[in-house]
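Accompanying notes for the structure given below.
We count residues from 1, following the sequence as given.
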Amino acid sequence: MMKDEAVLMVRVAFSLIFLGALALGWWIARNDRRFFGADPAISSETSGTRSYTKMMVWAIWIHVVVISAAFALFLH
């Protein structure tokens, strides 16, 4: 069993990770066109490859947000 001080430090750390992940998600969403838009230098790129890349980024982001929130909120 963890001591109360250790649990508090883990909760604070995961709370900071959670807030950082939310800020990162906001930044990625604001720069969507820049990150996931068409690149004229790559002629073989299709909309499917761009969509797949975008989906992978958001899937990883969702996992980070959910896991950090779970540890920050539900760790007792």
Side-chain angles (χ1 to χ4, degrees):
M1 188 128 204
M2 292 176 72
K3 293 185 179 182
D4 290 339
E5 295 84 17
V7 172
L8 179 62
M9 291 187 64
V10 169
R11 288 182 77 179
V12 167
F14 277 102
S15 295
L16 292 174
I17 292 170
F18 175 72
L19 293 174
L22 288 179
L24 181 65
W26 176 80
W27 181 68
I28 291 172
R30 264 188 78 111
N31 294 300
D32 183 74
R33 173 80 66 196
R34 184 172 130 198
F35 293 134
F36 306 114
D39 187 358
I42 303 174
S43 60
S44 64
E45 184 181 50
T46 64
S47 64
T49 58
R50 287 191 304 272
S51 297
Y52 184 72
T53 303
K54 186 176 183 178
M55 184 271 310
M56 292 296 287
V57 168
W58 285 114
I60 292 169
W61 180 81
I62 288 287
H63 281 84
V64 170
V65 168
V66 168
I67 291 169
S68 63
F71 275 101
L73 299 175
F74 303 121
L75 186 67
H76 294 300

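Contact check for Val7 versus Arg11: side-chain heavy atoms found under the 4.5 Å cut-off.
Looking only at distances, no side-chain donor or acceptor of Glu45 sits under 3.5 Å from a matching main-chain atom of Ala38.
Cluster membership for Ile67 and Val10, using ILVMFWY side-chain heavy atoms within less than 4.5 angstrom, is shared. Placement of Ile17 and Phe71 within a single hydrophobic cluster is found when ILVMFWY residues are connected by side-chain heavy-atom separations under 4.5 Å, directly or transitively.
At most 12 heavy atoms of other shown residues, nucleotides or ligands fall within 6.0 angstrom of atom CE in Met9.
Under the side-chain contact (heavy atoms from CB on, under 4.5 Å) criterion, Leu8 pairs with Val12, not counting sequence neighbours. Residues passing the side-chain contact (heavy atoms from CB on, under 4.5 Å) test with Val57 are Ile28, Phe36, sequence neighbours excluded. Partners of Asp32 by salt bridge (charged side-chain N to carboxylate O under 4.0 Å, His left out), not counting sequence neighbours, listed by chain and number: Lys54.
Between Phe35 and Trp27, the ring planes are perpendicular. Angles over 60° get that label, and only those under 30° would be called parallel.
For the pairing with Phe18, the side-chain contact (heavy atoms from CB on, under 4.5 Å) check across Val64, Val66, Val65 returns one residue only, Val65.
Across every non-hydrogen atom of Leu24 and Trp61, the tightest pair is C-NE1, 4.3 Å.
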